[in-house]
Amino acid sequence: MLAGLASLGALGAAGCTRVASASGKDGGDLLERLRAQGVVRLGIAGEIPFGYIDRDGNLTGEAPELAKVIFKRLGVDRVQPVPTEFGSLIPGLNSQQFDVVAAGMYVNPERCEQVIFADPDYQMLDSFIVRKGNPKGLHSYRDVVAKKAKFATGTGYAEIQYAVEAGYEESDILIVPDQVAGLNAVEAGRVDVFAGTALTTREVVKKSSKAEATKPFTPLVKGEPHTDGGAFAFRATETRLRDAFNGELRKLKKSGELLRILRPFGFTEAEMTDLTAKELCGG
């Protein structure tokens, strides 16, 4: 899923001090203000299938469509997109350019130092964009290192850290704005591989005659297989809104409606998850 965020280290020191529901003294009043205004501003990053504006100018994607349902149930009738680059989502949220990040953002300890997350609405594996036939035989980050492949990923993507952990020099990584730029780099031969989420890579190569997506795989973190989860992000003081959002999300998971909302964007039962933000934040 989501592409390019500058290095993860730029998002804050590791640890999860802000996932607890006691972030703000009274949990914040944003939910009440949103109800009064009748509209919530969603930070999106223009990434298919997570959150984007379609060819007809309509806001769509798994996160915006889910937001429409949940915020309607919370008494907020309309959603308004605020497009930005992926790497600007957390700064934009904290500077109040929008009210919530609705971009399928992965939950990790670095980001948990900057914002609070709802529980994940999906889980995801990684995949590569490579030239047709995968001439270098790249199926994992260790393959990229062993075969000295030219590697690219998106600004701020989790894939940066996965490549570095496998032994790739961060200074040698080509950072591009998004998955489309990654596809272009592979097609033009500027890199051998672009790393992203399985859904993102699969979608972007559909019309390419020069590139393909590899089979999804699980990256390693500290030598252990790691599954990512994507979720909505909120300002650290707005725990009441986050908790109310989580309550509605749990209902959608239990009823099966969550999968029905996400299925049109390529999600399957395999992407449904019971992971929690607390787990992914590190405790």
Side-chain angles (χ1 to χ4, degrees), residues 1-3 5 16 18-19 21 31 34 40-52 59-74 76 79 81 86 89-90 93 98-109 111-112 114-127 157-158 196-200 202-203 216 218 226-235 238-282:
M1 166 185 348
L2 315 209
L5 312 143
C16 182
R18 295 190 177 182
V19 70
S21 60
L31 179 55
L34 295 179
V40 55
R41 298 170 300 164
L42 306 180
I44 64 170
E47 185 175 15
I48 299 172
F50 301 102
Y52 59 100
L59 171 66
T60 190
E62 69 89 14
E65 295 301 332
L66 179 56
K68 292 173 187 177
V69 173
I70 290 183
F71 278 102
K72 183 82 171 180
R73 294 185 177 191
L74 292 177
V76 185
V79 299
F86 197 91
L89 285 169
I90 288 179
L93 175 67
F98 36 84
D99 304 305
V100 57
V101 172
M105 179 177 281
Y106 281 177
V107 182
N108 63 39
R111 292 173 185 154
C112 293
Q114 305 297 309
V115 297
I116 56 173
F117 284 97
D119 288 331
D121 44 90
Y122 73 88
Q123 63 182 15
M124 189 60 63
L125 300 180
D126 276 12
S127 178
Y157 281 23
T197 66
L199 271 180
T200 298
R202 184 169 69 232
E203 288 295 317
T218 304
H226 173 77
T227 300
D228 283 297
F232 286 69
F234 306 83
R235 285 188 287 277
E238 300 299 340
T239 56
R240 291 177 62 190
L241 175 57
R242 188 275 312 275
D243 292 346
F245 188 98
N246 264 346
E248 296 301 327
L249 179 61
R250 284 193 290 270
K251 294 175 186 177
L252 293 175
K253 289 182 177 182
K254 185 175 181 179
S255 69
E257 188 174 353
L258 176 62
L259 178 56
R260 292 194 291 273
I261 295 169
L262 271 55
R263 194 186 297 277
F265 302 99
F267 291 79
T268 68
E269 185 67 42
E271 278 77 54
M272 297 298 97
T273 184
D274 290 324
L275 285 169
T276 66
K278 184 176 181 179
E279 290 176 89
L280 294 175
C281 282

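All figures in this text were calculated on a predicted structure; none of them were measured in a lab. Nothing fancy with the numbering, it's 1 onward along the sequence.
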* **Phe232 and Phe245 aromatic ring geometry - parallel, tilted or perpendicular at 30°/60° bounds** => tilted

* Do Thr200 and Pro49 touch side chain to side chain, with heavy atoms closer than 4.5 Å? -> yes

* So, do Phe98 and Leu93 sit near enough that their side-chain heavy atoms are less than 4.5 Å apart? -> yes

* Any chance you could measure His226, atom NE2, to Asp126, atom CG, to the nearest 0.5 Å? => 9.0 Å

* Just say parallel, tilted or perpendicular for the rings of Phe50 and Phe267, cut-offs at 30° and 60°. => perpendicular

* **Spacing of Ile48 atom CD1 and Glu203 atom CD [to the nearest 0.5 Å]** => 7.0 Å

* For residues Asp228 and Leu125, determine if any side-chain heavy atom of one lies less than 4.5 Å from a side-chain heavy atom of the other. => no

* **Shortest non-hydrogen contact between Gly266 and Leu199, atoms and distance** => O-CD2, 3.4 Å

* To do: Taking all heavy atoms of Ala231 and all of Asp121, pick out the closest pair and write down the distance.
  => CA-OD2, 3.6 Å

* **Residues which pass side-chain contact (heavy atoms from CB on, under 4.5 Å) with Pro264, listed by chain and number, not counting sequence neighbours** => none

* Asked: By side-chain hydrogen bond (donor to acceptor under 3.5 Å, both in side chains), which residues pair with Arg240, not counting sequence neighbours?
  -> Glu32

* Kindly give the heavy-atom pair with the smallest separation between Val107 and Cys281, and that separation in Å. => CG1-SG, 3.8 Å

* Not counting sequence neighbours, which residues clear side-chain contact (heavy atoms from CB on, under 4.5 Å) with Glu248? List them please. => Ile70, Arg73, Leu74, Lys251

* Structure fact -> Of all heavy-atom pairs linking Leu89 and Ala103, the shortest is CD1-CB, 3.6 Å

* Among pairs that include at least one residue of residues 258-270, which meet side-chain hydrogen bond (donor to acceptor under 3.5 Å, both in side chains), considering only residues two or more places apart or in two chains? -> Thr268-Glu271

* Asked: For the atom pair OG1 (Thr218) and CD (Gln123), what is the distance rounded to the nearest 0.5 Å?
  -> 9.5 Å

* Structure fact -> Sequence neighbours excluded, the answer for side-chain contact (heavy atoms from CB on, under 4.5 Å) partners of Thr60 is Tyr52, Asp54, Glu65, Phe265

* When rounded to the nearest 0.5 angstrom, what is the spacing between CZ in Arg235 and CG in Leu241? -> 9.0 Å

* **Ile90 and Met105: CA distance, side-chain angles, deciding distance, side chain to side chain contact (heavy atoms under 4.5 Å, CB included) verdict** => CA-CA 10 Å; Ile90 288 179; Met105 179 177 281; 3.9 Å; yes

* Euclidean distance, Glu238 CD relative to Leu34 CG, rounded to 0.5 Å -> 8.5 Å

* To do: Please tell me if the side chains of Phe117 and Val115 come closer than 4.5 Å, counting only heavy atoms from C-beta onward.
  => yes

* Would you confirm whether Arg111, through its side chain, and Tyr106, through its main-chain N or O, come within 3.5 Å as a donor-acceptor pair? => yes

* **Pairs involving residues 99-109, ordered by first then second residue, that meet salt bridge (Lys or Arg N to Asp or Glu O under 4.0 Å) (sequence neighbours left out)** => Arg41-Asp99

* Structure fact -> For Leu59 and Pro81 the tightest heavy-atom approach is CD1-CB, 3.7 Å

* Determine, stepwise, if the pair Phe234 / Val101 fulfils side chain to side chain contact (heavy atoms under 4.5 Å, CB included). => CA-CA 7 Å; Phe234 306 83; Val101 172; over 6 Å; no

* **Shortest non-hydrogen contact from Leu31 toward Ala244** => CD2-CB, 4.0 Å

* Which distance, rounded to the nearest 0.5 Å, do you find between the OG1 of Thr276 and the CG of Asp119? -> 5.5 Å

* To do: Could you tell me whether the side chain of Tyr122 and the main chain of Ala270 form a donor-acceptor pair under 3.5 Å?
  => no

* Asked: Just wondering, do Asn108 and Leu280 contact through their side chains at under 4.5 Å, heavy atoms?
  -> no

